[in-house]
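A short worksheet on the structure shown next.
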2 protein chains.
Amino acid sequence: MVAQRGRRNGRNGSAPAAKSASDVDNAPTAPLPVTGGDPTTAPTGAASAGGAGSNTTRSIPEAAVARLAVYLRVLSAMAEQGATTVSSEELSAAAGVNSAKLRKDLSYLGSYGTRGVGYEVEVLIGQIERTLGLTRKHKVAVVGIGNLGHALANYGGFPGRGFPVAALFDIDPDLIGVPVGGIPVSHLDDIPKVCVERDISIGVIATPPAAAQSVCDRLVAGGVQSILNFAPAVLQVPDHVEVRKVDLAVELQILSFHVARKAGGEVEGREADGNAEGGADGDAKGAVMS
Amino acid sequence: MVAQRGRRNGRNGSAPAAKSASDVDNAPTAPLPVTGGDPTTAPTGAASAGGAGSNTTRSIPEAAVARLAVYLRVLSAMAEQGATTVSSEELSAAAGVNSAKLRKDLSYLGSYGTRGVGYEVEVLIGQIERTLGLTRKHKVAVVGIGNLGHALANYGGFPGRGFPVAALFDIDPDLIGVPVGGIPVSHLDDIPKVCVERDISIGVIATPPAAAQSVCDRLVAGGVQSILNFAPAVLQVPDHVEVRKVDLAVELQILSFHVARKAGGEVEGREADGNAEGGADGDAKGAVMS
DNA sequence: CTTTGTGAAGACCTTCACAGCC
DNA sequence: GGCTGTGAAGGTCTTCACAAAG
């Protein structure tokens with residue numbers, strides 16, 4: 001085997017320092033030396049769990065975790081339909097991945113399948129929920145009740161269950177105290193206090209970019225461990241805080257890249273696999289949307 | 001990050017108005033209507049997610065493309081501040097990546113740096129825009145004008161420039177014809193026709209999951225080449241169509257996973273809320289200043 | 001000197017293919 | 001026979017470290 005050095009899953013880098021005159025309103029941000037950045041990200045190794053003692057669970061690849069969430073959704077739908085068992089072939093097809101990958105992903109949970117038969121739906125659901133930490137609720141705070149924040153707060157309790165929105169924040173005086181989706185909006189200044197009081201574990205940032213870092217700092221001060229950032233800004237956080245970002249502009253630009261690639265590269269003869277017509281599929285299903 | 005200076009705390013523009021009648025359904029989205037979602041349809045795995053395909057040509061890694069978009073944003077902010085050149089060290093710190101990765105990413109564009117000096121901001125901006133295909137506009141259609149779709153349609157022309165929203169669709173009769181963000185809402189049935197007429201190149205799906213595949217098929221029939229999917233559903237598309245998904249539930253579950261992992265092997269203790277879900281947790285604690 | 005650009009090494013993920021159990 | 005679980009092969013992306021250029 002190979003001797004591995006730093007284990008630790010690559011999280012988002014967290015060594016860099018903000019530069020420029022980040023106005024950041026309020027920002028009492030520390031100086032943060034930019035130069036001499038220590039290339040070797042050497043956080044206190046600790047946390048990584050792995051090391052000490054034997055662990056029953058070896059770290060699951062980040063990519064696999066994301067897929068587990070998808071499998072869970074598909075399995076729940078199947079269970080509701082009455083299915084009791086599934087094969088890796090069926091489940092993988094429904095989840096849009098190939099079966100080998102699915103089996104590998106499930107193997108991180110342990111061995112819960114039956115050879116020659118498949119997996120028991122309920123068992124699998126239970127195991128994935130346990131692994132993803134869904135056996136307990138994670139209270140969510142949404143910061144920035146603008147268009148997006150408003151939508152998030154009204155998301156009917158938030159996607160799937162288990163993520164109750166328990167706090168809302170904004171800086172607009174006209175919004176403070178106004179209930180949105182049943183929760184009154186509090187002021188940004190109260191983030192630390194309210195997050196501690198309500199035991200918030202996940203913070204969602206839906207503010208303009210200029211306010212994002214400041215809001216992030218307050219969430220961290222409030223003991224929030226994970227942050228979902230919708231603001232187009234790079235956040236600086238302590239090593240123990242997990243950040244995931246959803247950047248609409250980036251997504252669109254990636255799509256733009258692919259459009260350009262397809263259109264621009266039309267040099268050769270064969271590009272799009274023919275099939276210009278998609279064959280309008282008349283499958284009109286009842287859409288139950290808003 | 002730059003951004004305007006001065007001004008304490010960015011104000012969150014919150015568009016009050018809106019609302020009106022229950023601003024949009026909301027419909028807690030019945031937990032996956034048992035509709036014949038037919039999870040069993042197993043179209044030979046194939047295609048779908050993942051680059052897969054034979055990227056024979058030296059194409060830029062997908063991961064690098066996503067970062068280029070971030071660099072572009074950072075560079076634009078720097079340019080506004082008056083910066084004319086940047087070193088890989090500065091830019092990488094501001095973008096939250098390490099400098100080697102940044103240089104490697106930029107090398108996909110060609111050689112636009114000057115050794116011993118750095119990169120010229122304007123030149124870099126131009127090259128990234130060219131590579132991402134941002135030199136032309138990509139018209140966007142938003143389908144599903146619920147909470148989220150409404151927010152997207154009002155996103156002020158959409159993140160950054162270059163992605164004008166040119167069409168909106170929904171199935172609700174009360175919404176058809178009503179202008180949102182300046183564009184009147186059309187019916188789902190008109191997707192193919194309208195997309196062709198207005199030369200839409202990117203479709204954004206913000207409908208409930210049950211309607212997603214049907215909407216997707218219509219977008220494809222309308223010649224849309226790229227789709228950004230916010231619905232928690234796996235989409236089946238022809239090879240020449242690019243799909244990216246943004247799944248809120250998945251993001252939260254990934255964060256949940258990390259929270260659980262940090263909480264350690266045990267520590268259950270907390271749990272607290274023994275209440276059955278029901279939701280509305282009392283917790284009407286103060287903080288309601290108004 | 002400083003900083004870019006890049007081969008090479010390595011970490012990470014995916015895919016293959018088959019042994020092993022039903 | 002059918003299907004899972006997994007070592008090993010194969011790719012992709014990241015990091016290292018250094019030669020080349022200014």
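Below, chains carry the letters A, B, ... as their sequence lines are ordered, and counting in each starts from 1.
Residue-level contact check: B/Tyr112 touches the backbone only, with heavy atoms under 4.0 Å from sugar-phosphate atoms and none from bases.
Annotation for B/Gln127: atom CD counts as buried by contact number, over 12 foreign heavy atoms lying within 6.0 Å.
Contact annotation: A/Tyr119 reaches the phosphate of D/dG5 (side-chain N/O to OP1 or OP2, under 4.0 Å).
With D/dC13, D/dT15, C/dC13 as the candidates, the nucleotide lying closest to the side chain of B/Asn98 is D/dT15. Side-chain proximity of A/Ala63 to the nucleotides D/dA17, D/dG5, C/dC13 is greatest for C/dC13. The nucleotide whose nearest atom lies closest to any side-chain atom of A/Thr114 is, among D/dG5, C/dT6, C/dC22, C/dC22. Checking D/dT15, D/dC13, D/dG7 against every side-chain atom of A/Lys104, the shortest atom distance belongs to D/dG7. In the set C/dT14, C/dT4, C/dT15, C/dT4 carries the atom at the smallest distance from any side-chain atom of B/Arg103. Taking the side chain of A/Ser87 as heavy atoms from C-beta on, and the options D/dT4, D/dT14, C/dC13, the nearest nucleotide is D/dT4.
In this structure, the CG atom of B/Leu109 is 14 Å from the P atom of C/dT4, given to the nearest Å. Regarding A/Leu102, its CG atom lies at a distance of 14 Å from the C1' atom of C/dT15, rounded to whole Å. Rounded to a whole Å, the CG atom of B/Leu91 is 10 Å from the P atom of C/dT4. Across the protein-nucleic acid pair, B/Tyr108 atom OH and C/dT4 atom C1' stand 15 Å apart, rounded to whole Å. Rounded to an integer number of Å, the gap from B/Lys101 NZ to D/dT12 P is 18 Å. Between the CD atom of B/Glu90 and the C1' atom of C/dT4 there is a distance of 14 Å, rounded to whole Å. Between the CG atom of B/Asp105 and the C1' atom of D/dC13 there is a distance of 10 Å, rounded to whole Å. Summarising the geometry, the separation between CD1 on A/Ile60 and C1' on C/dT14 is reported as 17 Å, rounded to the nearest angstrom.
Contact record, B/Phe230 with B/Ala206: CB-CA, 4.4 Å, taken as the closest heavy-atom pair. In terms of heavy atoms, B/Gln213 sits closest to B/Leu235 at OE1-CA, 3.4 Å.
A/His258 and B/Ser226 share no donor-acceptor pair across their side chains, judged by distance under 3.5 Å alone.
Salt bridge annotation for A/Arg244-A/Glu62: present, with a cationic side-chain nitrogen under 4.0 angstrom from a carboxylate oxygen.
Where A/Ala64 and B/Ser111 meet DNA chain C, the nucleotide closest to each residue was compared, and B/Ser111 sits on the side nearer the 5' end.
Between the side chain of B/Arg115 and the base of C/dT3 there is no donor-acceptor pair of N/O atoms closer than 3.5 Å.
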